[in-house]
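All residue numbers refer to positions in the sequence shown, counting from 1.
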Amino acid sequence: MEAPDLLLGAILLLCVAGLLWPFLFYPLILRLLPSRPEAPGGGAPPSASLLFCAYNEAAAMPEKLANLAMLKERHPELEILAFDDGSSDDTAALIEARGDLVTLVRGPGRSGKAHGMKRLAAIARGDVLIFTDANVMLDPEAVGNLLARYGDPDVGGVLGSLHYVGEGESATASVGSLYWRIEERLKDEESRTGNVLGADGSIFSIRRALYPQFPDSVLDDLTVSMAVVFAGKRLVKARDVIARERLVTGRGDEYRRKVRIAARAWHTHAYLRPQLRRMAAVDRFKYASRKIVRWFGGLFLMAGAVAALLLAMRISPWLALGGVLLAVVLLILGWRAKGGPLAAIVDILIAYAATLQGVVKAMSGRTVTVWNPAKSR
C-alpha cells in the first residue's frame, strides 16, 4: 500500500475507534477495574428537601403533584420546593393550589433552571438536597432508598436510575431509550469502581453542605454533582432509586434538546476545567471517556466518512460514486421511515450532528440559559 492509503486507513480506524470508545472499549476497561464497596452505617436517615423547576408544565403537573403527595405521605418530614420560571400557562397556579404540599418560589421571568435551583437550594432546610424535573415521576421507594446510601460518610452524592417510558412510539424514542440504557450501565460501572462522573437532572442528590456557587449560564446538574467529586467525596449511583420520564418522540424536538444540552455541557466543562484537572487520574479518564470523546463523535463521523470516500476514490471513482449514491438512498429511506434500522441510523446521525453543533456553538461563546419543554413528549 502507498503512503496516502496507509494515512487514510489510519484516520478511518482512529475515527471508528473514537466512535466506539464510549460504548465498547470504555465499558470493557471499566469491567477490569477493581470494585470500591460502600461502607453503610447505621442511624436515622438524614433530613431531605426535594427541589424541581418548572416552565409551562401544566399538562404534567397533575400527575407530578399526585406523585409528590404519595412521596410526602411516605415521608412526612420531606420538604418539597418548586421554582416557576415565568410560565405562561397554569403551572404556577396548579402548584400554588397545593401549598400544603409544595412551597412555590416564583421567578422574575425567564431566568433559567440553574438560577431557579440556586434559589431553592438557598432556602432548603434538608441535610440532603434531592433534585428532579417537573415531568419526572419517582417510584414510592425512591426517596427512602436514596437517603439510605448516605449512611456511608464518604458518600457525598447519590444518583438514581432513570427509566424512560414510550420507547415504541417512534424511531427517535427507540434510539433515545437504547442510548439511555447504555448510559445507565456505564454509570453503574463507574459507581462500582469509585465515582460516577456527572449526573443528569432527572434524579440526583447531594449533601447540602457540598452545594457549590456557580453562574446561571452553566448546566446545574453537572456542576452540582461534580462538586461532590471535587470535594473528595463519592458520587455513587443507586439502581433501586427509580425515576420515570416520557421520551421525546419528535426529531425536531430531540435535535433542539441535544443542541441545548451539548452547548451548556461544553460551556460547563470550560467553567469546571481548573477543578477537573485536579481530579484523580482514574476520574479524569472516566470523564474524558464518557463525556469529551462522545461530544466529538460527530467530528469522528465526518472525518471517517471523508477518509472512507477518499480511499474508495483511490481504488475506483465508480466505487466512490456508488458508495455515495447508496448512502444518500439509505438516508432518504431512513428519514421517511417511521421505524426500523434505517430510521434508527438516521436518528443516531442526527444525535451526533446536534451534539457537535451544540459544542461548536458553545466554543463560539454562545450558550443557552432557558429551556422549553418538548411538545412531542
So, are [X] and [Y] salt-bridged, with charged N and O less than 4.0 Å apart?
| X | Y | value |
| --- | --- | --- |
| Glu189 | Arg185 | no |
| Arg207 | Asp127 | no |
| Asp216 | Lys113 | no |
| Arg239 | Glu184 | no |
| Arg251 | Asp253 | no |

Q: Tell me, with the steps shown, if Trp295 and His269 meet ring pair (Phe, Tyr, Trp, His ring centres under 6.0 Å).
A: CA-CA 11 Å; Trp295 288 336; His269 167 75; 5.6 Å; yes
Only distances under 3.5 Å count here; give the side-chain donor-acceptor pairs of residues 303-311 to other protein atoms, sequence neighbours excluded, each with its distance to 0.1 Å.
none

Locate the shortest heavy-atom distance separating [X] from [Y]; write the atom from each residue and the value.
| X | Y | value |
| --- | --- | --- |
| Lys237 | Ser161 | NZ-OG, 2.8 Å |
| Ser111 | His115 | OG-CD2, 3.1 Å |
| Arg290 | Glu183 | NH1-OE2, 2.7 Å |
| Leu94 | Ala58 | CD1-O, 3.7 Å |
| Asp84 | Thr91 | OD1-CG2, 3.7 Å |
| Met226 | Met279 | CE-SD, 3.7 Å |

Is [Y] reachable from [X] through a run of I, L, V, M, F, W or Y residues, each pair having side-chain heavy atoms under 4.5 Å apart?
| X | Y | result |
| --- | --- | --- |
| Met70 | Leu147 | yes |
| Phe300 | Leu8 | yes |
| Tyr55 | Leu104 | no |
| Val136 | Ile206 | no |
| Leu68 | Leu81 | no |

Look only at the side chain of [X] and the backbone of [Y], and say whether a donor-acceptor pair between them is shorter than 3.5 Å.
| X | Y | result |
| --- | --- | --- |
| Arg192 | Arg36 | no |
| Thr268 | Leu219 | yes |
| Glu245 | Met137 | no |
| Asp200 | Ser202 | yes |
| Arg264 | Val218 | yes |

Q: Write out all pairs satisfying salt bridge (charged side-chain N to carboxylate O under 4.0 Å, His left out) with one or both partners inside residues 349-364, taking only residues at least two apart or from two chains.
A: none
Q) Do Thr193 and Lys286 have side-chain atoms, one donor and one acceptor, less than 3.5 Å apart? A) yes
**Q.** No-hydrogen, no-angle side-chain donor-acceptor test under 3.5 Å, Tyr150 and Ser205
**A.** yes
Q: Please list, chain by chain and in numerical order, all residues satisfying side-chain contact (heavy atoms from CB on, under 4.5 Å) with Phe285, sequence neighbours excluded.
A: Trp21, Tyr26, Ile29, Ser289
Q: Determine, using ring centers only, whether Phe296 and Trp266 are less than 6.0 Å apart.
A: yes
Q: Please identify each residue that fulfils ring-ring contact (aromatic ring centres under 6.0 Å, His included) with Phe230, with sequence neighbours left out.
A: none
Can I get a per-line list of side-chain donor-acceptor pairs under 3.5 Å for residues 350-357, giving both atom names and the distance, sequence neighbours left out?
{"residue": "Thr355", "atom": "OG1", "partner": "Ala351", "partner atom": "O", "Å": "2.9"}
{"residue": "Gln357", "atom": "OE1", "partner": "Tyr255", "partner atom": "OH", "Å": "2.4"}

Q: Mark yes or no: Lys64 above the aromatic ring of Phe52, with NZ or CZ under 6.0 Å from the six-membered ring centre and no more than 45 degrees from the axis.
A: yes
(Q) For residues 218-235, which residue pairs pass the side chain to side chain donor-acceptor pair (under 3.5 Å) check, not counting sequence neighbours? (A) none
